[in-house]
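One structure is given below, encoded as structure tokens.
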Amino acid sequence: MASVSPPPGTSDILPCDSPAWRWVESVAAEVFLLYGYGEIRTPVLEFTELFQRGIGGETDIVRKEMYTFTDKGGRSLTLRPEGTAGVMRALAGEAASGNGARVFYLGPMFRGERPAAGRRRQFHQIGVEDVGSDSPAADAESIAMLVRFLDTLGIAGYRILVNTRGSSADAASVSEILKERLKPLADSLCADCQSRLDRNPWRVLDCKNTLCQAVVDALPDITESFSEDSRSRFDEVKRCLDAFGVDYEVSPRLVRGLDYYAHTVFEVVHSGLGAQDALAGGGRYEVPVPGVKRPVAGVGFALGMERLLMVLESLSVELPSLDPPKVYLAALGSDALLANLKMAEALRAAGVGVVASLDARSLKSQMRTANRIGAEFAVIRGGDELTRGVVACRTMSDSSQVELPESDLLEFVAGRNG
RNA sequence: GUGGUUGUAGCUCAGUUGGUUAGAGCGCCUGGUUGUGGCCCAGGAGGUCGGGGGUUCGAAUCCCCUCAUCCACCCCA
């Protein structure tokens, strides 16, 4: 049993599941194209330094969740734990050129966490990045696009949480202010938060511990400490969201766990998910890329495929399934089987899906197979048909059966509802 | 990393206070039709009871270890 299981936190996507994946991915590509986004594919493997610098050395992801190894050239490589850093590396040139870029990506990400509902070690994200525009409207448009995507999929019941972290310049000073305000109250904070206090005081804000929340709630509004520019920028983002018709909630507690965020941060949560209720998350960022002078700035979000599919399932949204082959070819005797192989190729060349029996078992078992795989037609050929150059074509749904020349079969099966 | 849950046939699961040869449903195969699916009937194949160790006359059942699973903490998608 254990030998047939993949490593912990990974799983197989089987043929019965992949049509739903393809559907979600194709809807994503269609919706994002409406906003001028093209697909980018970056390596799953990057230099470790990219993530250490990009995501931030004090984040949980970098501190304890990365799959890192040394390759034969002595380089430290890491399986990407998120998509933005790699995309920023790839787009650093575009950003520097001043032209900007709008891209989306999809693929596996890796984090060494303990698996739970909606959390895997290999999971899949769909993400988008708008690099090169620093307009507040870009932040809002990103959220609007996410909303359109979710709505197109038929997802209902989600909430959009929005907040600001202030400019990156604000971050340091506000961080100090938070420290000052929290230090005297450290005794009332949970153990995790006490250690976070020095390392990353922001994270205290979104601690789920009720004691910590009480402490945080009693604190003065932190946005008051932001610069005037940062505050008016956030006001502008909200005005744009209104213009886009996006229904959002401002959530002062939302800070997110990656260091590269500045200004707008947002999250989409859904109750159909369990303890991990974040369906998507993102915001405006400034990502330091090794070898590049200035951080690459942009706005974007990432969304969890597995969680998306969980929500779709919880909402009973109808998902596509694998299309069965149209025709099943049954053979009696080795000569008929050979003739079927040739006929199968002719039908496929004409675009008709065919499964041909590859060994001449009893007709009964071949018919059972035709039924099980959901073929629309079962075509039967035995020695008798073979000598007369005909086949018996059975329409499975109504059990009607006709005998017709082999040359007429394509027209017969293709003629019915194309 | 911490805590709990579960692990028996391909799948979903029964299995009594430890007691002969470990069961069911679904699926699969064969037959009931000289060459005809679904429904029905009969038969059949398929199991190191996750793995290792221990207790015992005897372990799927009790104990320890280990691996895996799911869930929660944590973190985030």
Side-chain angles (χ1 to χ4, degrees), chain A residues 1-11 14 16 55 59-65 80-84 106-127 146 190-193 195-196 200 203 206-209 254-258 265-270 273-282 300-311 328 330-333 336 357 360-386 391-401 403:
Chain A
M1 289 286 247
S3 62
V4 297
S5 295
T10 68
S11 45
L14 298 169
C16 59
I55 302 173
T59 58
D60 289 283
I61 291 178
V62 171
R63 283 173 58 231
K64 50 193 186 192
E65 294 174 3
R80 64 181 181 196
E82 57 92 60
T84 301
L106 41 89
M109 307 293 164
F110 305 85
R111 292 181 198 172
E113 303 176 278
R114 276 291 261 277
R119 192 178 63 191
R120 323 258 20 185
R121 291 185 175 172
Q122 175 177 338
F123 59 104
H124 298 77
Q125 287 188 333
I126 298 180
L146 175 54
C190 71
D192 283 334
C193 282
S195 73
R196 285 199 271 250
N200 192 348
R203 293 293 317 288
D206 71 345
C207 182
K208 284 176 193 128
N209 186 303
L254 179 69
V255 302
R256 306 197 44 77
L258 282 59
V265 290
F266 57 92
E267 210 165 273
V268 174
V269 296
H270 199 286
L273 277 173
Q276 274 70 41
D277 67 349
L279 181 58
F301 61 81
L303 160 164
M305 269 297 283
E306 285 84 354
R307 291 185 188 179
L308 196 61
L309 291 165
M310 280 172 73
V311 168
Y328 181 83
L332 289 156
S357 176
R361 295 172 298 152
S362 75
L363 184 58
K364 186 192 190 83
S365 71
Q366 293 188 60
M367 290 302 289
R368 252 203 283 268
T369 301
N371 184 63
R372 194 191 65 237
I373 67 176
E376 193 177 338
F377 301 101
V379 175
I380 302 154
R381 169 146 57 188
D384 177 44
E385 286 85 356
L386 191 60
V391 292
C393 183
R394 186 175 182 85
T395 304
M396 298 300 280
S397 57
D398 62 5
S399 299
S400 65
Q401 189 165 321
E403 187 174 280

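A quick note: this is a predicted structure, and the numbers were derived from the prediction, not measured. Just so it is clear: chains get the letters A, B, ... in the order the sequence lines come, proteins before strands, and each one is counted from 1.
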Any base atoms under 4.0 Å from [X], or only sugar-phosphate, or nothing? Heavy atoms, all strands.
X: A:Gly118; answer: base
X: A:Arg361; answer: sugar-phosphate
X: A:Thr369; answer: nothing
X: A:Arg203; answer: sugar-phosphate
X: A:Ala370; answer: nothing
X: A:Leu279; answer: sugar-phosphate
X: A:Arg372; answer: sugar-phosphate

If you check every side-chain atom of A:Asp384, which of B:rG1, B:rA68, B:rG35 has the closest atom? B:rG35

Of B:rC71, B:rG35, B:rC70, the nucleotide closest to the side chain of A:Glu385 is B:rG35

Identify, with sequence neighbours excluded, every residue that meets salt bridge (Lys or Arg N to Asp or Glu O under 4.0 Å) alongside A:Arg307. none

Residue set satisfying salt bridge (Lys or Arg N to Asp or Glu O under 4.0 Å) with A:Asp60, at least two apart, ordered chain then number -> A:Arg63, A:Lys64, A:Arg203

Which stems does RNA chain B form, counting runs of 3 or more consecutive Watson-Crick or G-U wobble pairs with both distances under 3.5 Å? B:1-4 with B:70-73, B:10-13 with B:23-26, B:28-32 with B:40-44, B:50-54 with B:62-66

Take atom P in B:rC26 and the same atom in B:rU21, then report the distance between them in whole Å. 28 Å

Testing A:His124, A:Gln125, A:Arg120 for side chain to side chain donor-acceptor pair (under 3.5 Å) with A:Glu306, which one passes? A:His124

